[in-house]
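One structure below.
This one's a predicted model, so the numbers in the text were calculated from it and none came from an experiment. In each ligand, atom 1 is the first atom listed, and ligand 1 is the first ligand listed.
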Amino acid sequence: MAAEEKPAPGQPTTDRVKGIFTHIAPSYDLFNILSSFGIDRLWRRATVRLAQPNHRSVMLDLAAGTGDLTMAFARLGKPASILSTDFVPEMLEVGKKKAAAYSGSTKIDFEVVDAQDLPFDDARFDIVTIAFGVRNLPDREANFREVRRVLKPGGRYVILEFTRPPSPLVRWFYHAYLRVVIPNLGGLLTGDKPSFQYLNDSIRAFPAQLALASELHAAGFTRVNWHNLTFGIVAVHIAEA
Ligand SMILES: C[S@@+](CC[C@H](N)C(=O)[O-])C[C@H]1O[C@@H](n2cnc3c(N)ncnc32)[C@H](O)[C@@H]1O
């Protein structure tokens with residue numbers, strides 16, 4: 001894209017996404033709790049259950065942000081280890097504080113990593129996860145290629161993301177909520193309403209369940225399926241390498 005071209009509404013670019021999350025890192029957790037009425041915790045719990053880690057699992061959490069999915073896995077799934085990564089160090093710093101208060105058996109490490117270019121050997125992980133992150137990647141194909149490479153054969157990519165509620169009525173209310181509440185609440189908490197307008201647009205621009213599953217198939221994953229949660233406001237896709 002030429003430097004003077006403005007990205008379309010909801011279109012992720014590296015600069016835009018890095019700028020947004022660097023700025024909102026201190027308020028991100030509060031915004032999450034208020035905007036989802038705390039339901040995001042249930043979504044993360046469901047993601048752990050569906051990912052089925054065991055005490056030998058070696059895990060990678062991409063776009064881990066402030067570490068809520070990482071910590072849900074450590075507390076509930078108890079894998080052997082989980083590497084919590086993000087390309088915004090300010091987000092990971094919040095996660096590090098949560099991990100410092102954790103005393104369970106999972107080994108938790110942090111690393112600044114771009115989810116589209118993974119600095120890891122092939123076939124290193126049993127499970128790779130990404131929550132509310134894949135929507136923000138300008139190059140999903142690169143992410144899928146990289147995740148397949150670093151997963152062991154038969155390993156699973158687990159994606160938690162906002163999606164398209166199948167019911168038109170739920171969709172209408174949900175989109176109205178995204179349009180009105182998200183930018184205003186985000187603006188109030190951070191003084192940065194345009195960033196939350198982008199987040200709203202990016203949710204609406206993201207492929208629906210079947211389209212995302214097709215992309216995963218096209219990238220070479222097998223046994224791709226998804227589970228809708230909360231009327232299909234979010235879905236967990238699971239795909240095998
Ligand atoms: C909406 S937050 C989700 C954070 C966390 N996974 C959660 O569930 O709360 C999106 C995160 O994706 C990160 N992100 C976006 N693009 C990325 C990329 N290319 N590589 C790594 N992290 C990225 C952002 O920095 C941000 O922390």
Margin query: Could you tell me, atom by atom, which parts of ligand 1 come under 4.0 Å of a heavy atom of Leu137?
Written below: 16 (N), 17 (C), 18 (C), 19 (N)
Notebook entry, point to check: Does OH in Tyr177 sit with more than 12 non-hydrogen atoms of other residues, nucleotides or ligands closer than 6.0 Å?
Noted result: yes
Next item on the list: Would you check if Arg135 and Leu199 make a side-chain contact, meaning some heavy-atom pair closer than 4.5 Å?
Entry: yes
Next item on the list: Consider every N or O of Val88 and every N or O of ligand 1, then say whether any pair is closer than 3.5 Å.
Entry: no
Next item on the list: Before giving the answer on ring-ring contact (aromatic ring centres under 6.0 Å, His included), spell out for Tyr174 and Phe231 the whole-Å C-alpha distance, their side-chain angles and the decisive distance to 0.1 Å.
Entry: CA-CA 10 Å; Tyr174 173 54; Phe231 308 110; over 10 Å; no
Notebook entry, point to check: In the protein, what heavy atom is nearest to atom 22 (N) of ligand 1, and what distance, to one decimal place, separates them?
Noted result: Phe87 N, 3.3 Å
Notebook entry, point to check: N/O to N/O below 3.5 Å, does that happen between Thr66 and ligand 1?
Noted result: no
Item checked: Numbered atoms and elements of ligand 1 in range of Met91, under 4.0 angstrom, heavy atoms -> 27 (O)
Item checked: Protein heavy atom at shortest distance from atom 5 (C) of ligand 1 -> Ala64 O, 3.3 Å
Notebook entry, point to check: Which ligand 1 atoms are under 4.0 Å away from a heavy-atom of Gly65?
Noted result: 4 (C), 27 (O)
Check: Quick one: nearest non-hydrogen protein atom to atom 8 (O) of ligand 1, plus distance?
Finding: Arg44 NH1, 2.5 Å
Next item on the list: Please determine which of Val150, Leu216, Ile238 meets the side-chain contact (heavy atoms from CB on, under 4.5 Å) test together with Tyr157.
Entry: Leu216
Next item on the list: Please write down residue, atom name and distance for the protein heavy atom closest to atom 2 (S) of ligand 1.
Entry: Tyr28 OH, 3.4 Å
Margin query: Using 0.5 Å steps for rounding, measure from the CD1 atom of Ile203 to the CZ atom of Arg179.
Written below: 13.0 Å
Notebook entry, point to check: Going hydrophobic residue to hydrophobic residue with side-chain gaps under 4.5 angstrom, can you get from Met59 over to Val48?
Noted result: yes
Margin query: Below 3.5 Å, N or O to N or O, backbone or side chain included: is there any such pair between Asp114 and ligand 1?
Written below: yes
Note to self: So, taking the atom named CG in Leu151 and the one named CZ in Arg124, what distance separates them when rounded to the nearest 0.5 Å?
What the structure shows: 12.0 Å
Checklist line | Nitrogen or oxygen atoms of Ala63 and ligand 1 under 3.5 Å apart | finding: yes
Next item on the list: Can you establish whether the number of heavy atoms outside Glu141 located under 6.0 Å from its atom CD is more than 12?
Entry: no
Check: Under 4.0 Å from ligand 1, counting heavy atoms only, is it the side chain of Thr85, its backbone, both or neither?
Finding: neither
Check: Are side-chain heavy atoms of Asn200 and Gln197 found at a separation under 4.5 Å?
Finding: yes
Next item on the list: Around atom 27 (O) of ligand 1, find the nearest protein heavy atom and jot down its residue, atom name and distance.
Entry: Asp86 OD2, 2.7 Å
Margin query: Phe206 vs Phe162, test: ring-ring contact (aromatic ring centres under 6.0 Å, His included). Steps then yes/no.
Written below: CA-CA 8 Å; Phe206 191 67; Phe162 291 107; 9.6 Å; no
Check: What part of Phe132 sits under 4.0 Å from ligand 1 if we count only heavy atoms: the side chain, the backbone, both or neither?
Finding: both
Next item on the list: Run the numbers for me: atoms of ligand 1, each under 4.0 Å from some heavy atom of Val113, listed by number.
Entry: 20 (N), 21 (C)
Next item on the list: State if Ile130 counts as touching ligand 1 under the rule of any non-hydrogen atom under 4.0 Å.
Entry: no
Item checked: Minimum-distance protein heavy atom relative to atom 20 (N) of ligand 1 -> Ala115 N, 2.9 Å
Note to self: Nearest 0.5 Å, please: how far is CD1 in Ile182 from OG in Ser35?
What the structure shows: 4.5 Å
Next item on the list: Indicate, as side chain, backbone, both or neither, the part of Gln116 found under 4.0 angstrom from ligand 1 when only non-hydrogen atoms are considered.
Entry: side chain
Notebook entry, point to check: Do Leu62 and Leu50 belong together in a cluster built from hydrophobic side chains that touch within less than 4.5 Å?
Noted result: no
Next item on the list: Determine whether any heavy atom of Val17 lies closer than 4.0 Å to an atom of ligand 1.
Entry: yes
Check: Quick one: does ligand 1 sit under 4.0 Å from the side chain of Leu69, the backbone, both or neither, non-hydrogen atoms only?
Finding: neither
